[in-house]
Amino acid sequence: MDIEASIFLAQQLQPLDEAERKKWITKVANHVQGQCLKLPVVEKHNIELAIKEANNTGLDETESVFRVISAFEVPAFVYSEEKKKFLPDIDKKCLLAAPDSKINYLRERYWVLWQKTCRHEMFAQRIIPAIIEVPSAKKRTLRKVETLLSTSKMNDVVLLGLLTQLTEGRFYIEDPSGSVPIDISETIYSEGLFCEGCVLLVSGNYCDGVLKVAEISFPPPEPAKSSRSFFGNFNTWGGPSKTLLKNSEKLAELEKAIVEHSIVFVSDCWLDNPVVLDKLSLLLRGFDDFPPVAIVLMGPFARMNEDMYSLKGYFLKLGEILSSCEKLKTQTDLVIVPSIDDPAAANIMPRPPIPSALTTELTKRFPRTILTTNPCRLQYCTQQIVVCRADLVTKLCRNTIHFPKRGLLEEHFAKTIINQGTLAPLTPIAFPTHWNYDPALSLYPTPDLVVIGDPCQAFHTVEQECTVMNVGSFPKSKFAFKVYYPSSKTIEDSQIPDEE
């Protein structure tokens, strides 16, 4: 801190008592750490900005208790190895991406995992003046592929790279510096679902152009609070707010105070099925007495693939049901999340919303309808929620090179997507993705809740302080759904009872 900044800060803190002074020093320090400083010196304007941000505990006009964020509005960042932090990606994005966009999005996925792995205590090299660090047996050296290619033999190799098949039936580990064939015939696997397209941490011995892999694991996890510190004061989540609402003290207090607030999740809402529509009607009218903050309905909205305009009539029926729910109309948002099986969009993620031309009768009868993308992001007070309707569990199980023999499937699934930092740790062939909008699939920094709409068995589990939940299929599970209470971060398994 320069002299001018020190004097200014001392003047601001002088009128305060000792306890209040310590509190404000901590606040100012936290806000300064969140700034992207151009120089390694804290200047007066940095202190002024930090004090202004610390004082601004109220909500501005861009903030709200609940907000839905489109996948196409999620901010993108690129990692600067020189500055050791993430910077906003200012390049304009479009669906018809340039050819190099494919390389870029895979490279950025890699750098996200590389930088957090290098910081892990297993690999981080700490240099403290006048202190000689005692070598630890747990310390490892993280190498690049180019290091192996420059020699004929090397033992105790640890690589971080993309698992791929450059030739049919032969696996390779690839990083930005090159690729090396691997032998996984005698490999020991850690927990998780290891698929082609995952970035993996592999260790073994290199000899004669082949890396014989002894162990395969995922990159080590990192607490979300630690991850966010490398993005400065940018809003990494999305939405109109200039600052990250995760840090809002006012919203945090509100979140804890309103314990009855809930968000309802339903998947496979087949509006063309009379039985499903009747059960949805019971669900909606039941919640009219205790309206939640939001009801999230995930597709597909028609089981039979008829012409897409038939959906207009089905949404009309849904609107007629909702029009009789007086409390829902004034207190609850209806969020419509399409599946990749719904019409009017290609089988690629992120998927655009259901066309408004098909939902005009629904929005007319229920104005609080929000048509959003798949995936989408929800912001409830300080909590960050990702919603995705896809067969993710199924796809990972089908593409894994080693199916785990122990542990619950939901735990392996949660560990995979959280440690990989993305909803789609698969090759583009298995999970087509718009290259320019891959940040919409990102789970880094780790959110509070990930909601999956997979037709397989419903579940919920916790991985690295993130709740991972699969809603399951509403019709196939005898009309079960999930209710999330943000105040306590608890999930309630609910079901529409059979009529006697």
Quiz item: Quick one: is the NZ or CZ of K116 closer than 6.0 Å to the six-membered ring centre of W111, and within 45° of its axis?
Solution: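 Not flagged: K116 not positioned over aromatic ring of W111.
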Self-check item: D448: which of K246, Q384, Q383 passes side chain to side chain donor-acceptor pair (under 3.5 Å)
Solution: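 Answer after filtering K246, Q384, Q383: K246.
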Within the side chain of [X], is there an N or O that forms a donor-acceptor pair under 3.5 Å with the backbone of [Y]?
X	Y	answer
T359	L362	no
R109	V199	no
T400	C397	no

Practice problem: Would you name the heavy atoms of R143 and W114 that are closest together and state the gap between them? | Solution: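 Looking at all heavy atoms of both residues, the closest pair is O-CZ3, 4.4 Å.
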Self-check item: Heavy-atom closest contact (P353 atom, T373 atom, distance)
Solution: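 Result for this residue pair: CD-CG2, 3.8 Å.
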Quiz item: So, do Y79 and F230 have ring centers that fall under 6.0 Å from each other?
Solution: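 No.
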Quiz item: Should the pair Y444 and F86 be assigned to parallel (<30°), tilted (30 to 60°) or perpendicular (>60°) ring geometry?
Solution: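 Aromatic pair Y444/F86 classed tilted.
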Practice problem: State, with a plain yes or no, whether a side-chain heavy atom of L392 is found less than 4.5 Å away from one of F413. | Solution: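 Side-chain contact under 4.5 Å: yes.
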Exercise. Could I get the full list of side-chain hydrogen bond (donor to acceptor under 3.5 Å, both in side chains) partners for S101, not counting sequence neighbours?
Key: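 Residues passing side-chain hydrogen bond (donor to acceptor under 3.5 Å, both in side chains) with S101: N436.
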Practice problem: Let me see the working for N374 and S339 under side chain to side chain donor-acceptor pair (under 3.5 Å), right down to the final yes or no. | Solution: CA-CA 7 Å; N374 180 23; S339 78; over 6 Å; no
